[in-house]
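Have a look at the structure below before the remarks.
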Amino acid sequence: MSGKTAADWIRPEIQALSAYHVNEHAGLIKLDAMENPYSWSEDLVDQWLELLRRVELNRYPDPEAEVVRHALRDSMAVPDAASMVLGNGSDELIQMILLSLAGEGRCVLTPQPGFVMYRLSATVTGLEYVGVPLRNDDFQLDMPAMRAAIAQHNPAVIFIACPNNPTGNGFSRSDILELIDLAPGLIVLDEAYAPFTEQTFIADVVDFDNLLVMRTVSKMGLAGLRLGLLVGNAQWIDEINKTRLPYNINVLTQASSLFALQHSELFDQQAAQIRADRKKLVVELMAHQRLQVFPSEANFILLRTPVGRADEIFDRVKDLGVLIKNLHGSDPALADCLRVTVGSAAENKAFLNALATAL
Ligand SMILES: *Cc1c(COP(=O)(O)O)cnc(C)c1O
């Protein structure tokens with residue numbers, strides 16, 4: 001053959017991947033992606049648009065997004081002594097971390113089921129991926145298995161999402177402290193769901209040389225802006241920062257996120273509402289004897305349907321106008337599992353009605 005085809009040249013591991021898939025959602029109530037369901041008041045939108053009038057689209061953004069970083073420090077209680085680098089979503093930060101660490105024989109270790117981007121980015125950047133199953137009954141860390149896997153694989157980095165996606169639970173502080181101690185290299189705690197839990201390790205970054213904490217504004221209500229932050233020891237952050245593309249945080253994101261952070265009480269209020277609605281949704285779901293409902297510290301809930309029925313229930317709920325996430329088939333531990341984002345009261349009701357019909 002000619003040798004000029006993509007199949008001849010694209011790396012085999014890339015050819016073996018599927019591109020990140022997002023479900024068609026036109027016309028559906030969207031409870032599949034952990035988005036905040038609330039829009040802004042007309043008045044707030046007007047103030048925001050007024051600000052955008054003055055943004056100079058012909059100029060490059062501030063490469064360090066200095067003002068935004070200060071606002072994030074304040075609003076997320078980042079310790080003064082910690083360094084910070086920003087990403088175009090935490091997805092970009094995950095890629096930057098892995099680009100900085102990639103090399104012959106290097107591996108990423110993470111509990112499984114976990115956030116899919118760790119594996120996808122590991123493959124793209126050429127690191128081995130080691131997934132260590134969580135405990136089967138409660139999705140807590142299987143510490144004997146984690147200790148053994150760390151000793152066997154000597155991972156360059158351990159990622160722990162806490163609370164975890166897609167299971168929704170947090171992990172015990174003492175388990176995580178032990179993992180920080182055991183990690184031979186870097187350990188990254190991904191706190192994407194921080195607005196919905198009391199637990200955080202952000203103050204701990206100053207106490208450990210190898211701990212970085214990652215946050216995002218996505219789940220608090222600004223998923224469209226694409227802004228994540230990674231904080232911790234300057235020795236790590238300064239190196240990882242070298243893999244960052246210049247101007248990765250665009251002018252519209254810088255202006256809009258600064259504006260939003262100046263109205264943080266609104267996002268705090270929305271998070272409190274979502275937490276209260278999560279509690280109600282759990283109660284309503286638990287009334288279905290045939291469902292197993294897992295505890296959640298995040299803005300979504302993991303469910304297990306009766307054996308063999310997840311695909312059919314997912315499809316029926318979708319036909320009735322509500323898009324959730326079907327996890328059946330994605331990991332053996334998630335057999336018969338569905339995941340639903342906590343939406344507005346009306347959206348949750350529509351989901352509960354559709355689910356009751358489907359069951
Ligand atoms: C949603 C999610 C992210 C993605 O964050 P972005 O900032 O939107 O890229 C990161 N980590 C976990 C665990 C998530 O669930």
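The first residue of the sequence shown is numbered 1, and numbering continues consecutively from there. Atoms within each ligand, like the ligands themselves, are counted from 1 in listed order.
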Carefully, step by step, assess Phe259 and Leu44 under the rule side chain to side chain contact (heavy atoms under 4.5 Å, CB included). CA-CA 10 Å; Phe259 175 78; Leu44 200 63; 3.7 Å; yes
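The list of side chain to side chain donor-acceptor pair (under 3.5 Å) pairs with a residue in residues 139-159, not counting sequence neighbours, reads Arg147-Glu178.
Protein residues with a heavy atom under 4.0 Å from ligand 1 are Gly89, Ser90, Asp91, Phe115, Ala161, Asn165, Asp190, Ala192, Tyr193, Thr216, Ser218, Lys219, Arg226.
Classification of Glu191 and Lys219 as a salt-bridged pair fails, no side-chain N sitting under 4.0 Å from a carboxylate O. No salt bridge links Glu24 with Lys318; every basic N to acidic carboxylate O contact stays at or beyond 4.0 Å. Ionic pairing of Asp80 and Arg73 is not present here: no N-O contact between side-chain nitrogen and carboxylate oxygen is shorter than 4.0 angstrom.
For CD of Glu128, the number of neighbouring non-hydrogen atoms (other residues, nucleotides, ligands) closer than 6.0 Å is 12 at most.
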